[in-house]
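Source: prediction; values computed, not measured. Order of listing sets the numbers, starting from 1, for every ligand and every atom in it.
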Amino acid sequence: MDRKINHIGIAVKSIDDVLNFYEKDLGLEFQGYEIVEEQGVRVAFFKAGESRIELLEPLSENSPIAKFIAKKGEGMHHLALGSSDLKLDLSNLEKQGVRLIDKAPRNGAHHTKIAFLHPKSSKGVLVELTEE
Ligand code: ZN
């Protein structure tokens with residue numbers, strides 16, 4: 001299986017505060033903003049080779065990202081790996097005893113289907129699977 005890193009998600013209080021760092025200082029191509037209501041976030045994407053960096057800014061205090069920042073501070077939030085068949089991957093992972101946060105795919109940014117695996121199964125790293 002050739003599973004690539006689709007993107008790395010980073011939780012920030014304000015995208016505008018760090019935009020210059022990723023775009024100007026690091027020279028990554030800014031690909032725009034998107035609101036993902038389902039997760040209560042505004043996201044900004046930067047192209048990094050075949051992968052992307054996804055900045056996640058909470059839209060409200062109820063957003064899971066706001067809760068993450070309150071608990072752990074700003075920083076790396078999740079690692080997203082590509083999936084060519086998300087439903088199949090989820091059913092296989094469940095059979096293998098991996099704990100899932102999402103048992104079924106849900107909507108992500110850029111018209112993707114996404115699902116999160118539980119960090120208990122990965123020693124603390126929140127893993128997202130992304131189907132383009
Ligand atoms: Zn993501």
K.L.:
Say whether, by atom type as modelled, one donor and one acceptor occur between the side chain of Glu131 and the main chain of Leu86 under 3.5 angstrom.
P.N.:
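Here the side-chain-to-backbone pair exists.
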K.L.:
Is the side chain of Ser63 donor-acceptor paired with the backbone N or O of Pro58 at a distance under 3.5 Å, no angle test?
P.N.:
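No, the answer is negative, given that no donor and acceptor are paired below the 3.5 Å cut-off.
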K.L.:
By atom name, which N, O or S atom of Glu128 is the nearest to the Zn ion (ligand 1)?
P.N.:
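In Glu128, the N, O or S atom with the shortest distance to the Zn ion (ligand 1) is OE1.
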K.L.:
Flag His77 as yes if one of its N/O/S atoms falls below 2.8 Å of the Zn ion (ligand 1), otherwise no.
P.N.:
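Under 2.8 Å: His77 has no N, O or S contact with the Zn ion (ligand 1).
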K.L.:
Side-chain contact, heavy-atom cut-off 4.5 Å: Tyr33 with Val43?
P.N.:
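Answer no - side chains too far apart.
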K.L.:
Look only at the side chain of Ser83 and the backbone of Thr130, and say whether a donor-acceptor pair between them is shorter than 3.5 Å.
P.N.:
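No, because the side chain of Ser83 does not come within donor-acceptor range (under 3.5 Å) of the backbone of Thr130.
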K.L.:
Need the atom name: nearest N/O/S atom of His78 to the Zn ion (ligand 1).
P.N.:
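In His78, the N, O or S atom with the shortest distance to the Zn ion (ligand 1) is NE2.
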K.L.:
To the nearest 10°, how many degrees is the angle His7 NE2 to the Zn ion (ligand 1) to Glu54 OE1?
P.N.:
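Nearest ten degrees: 90°.
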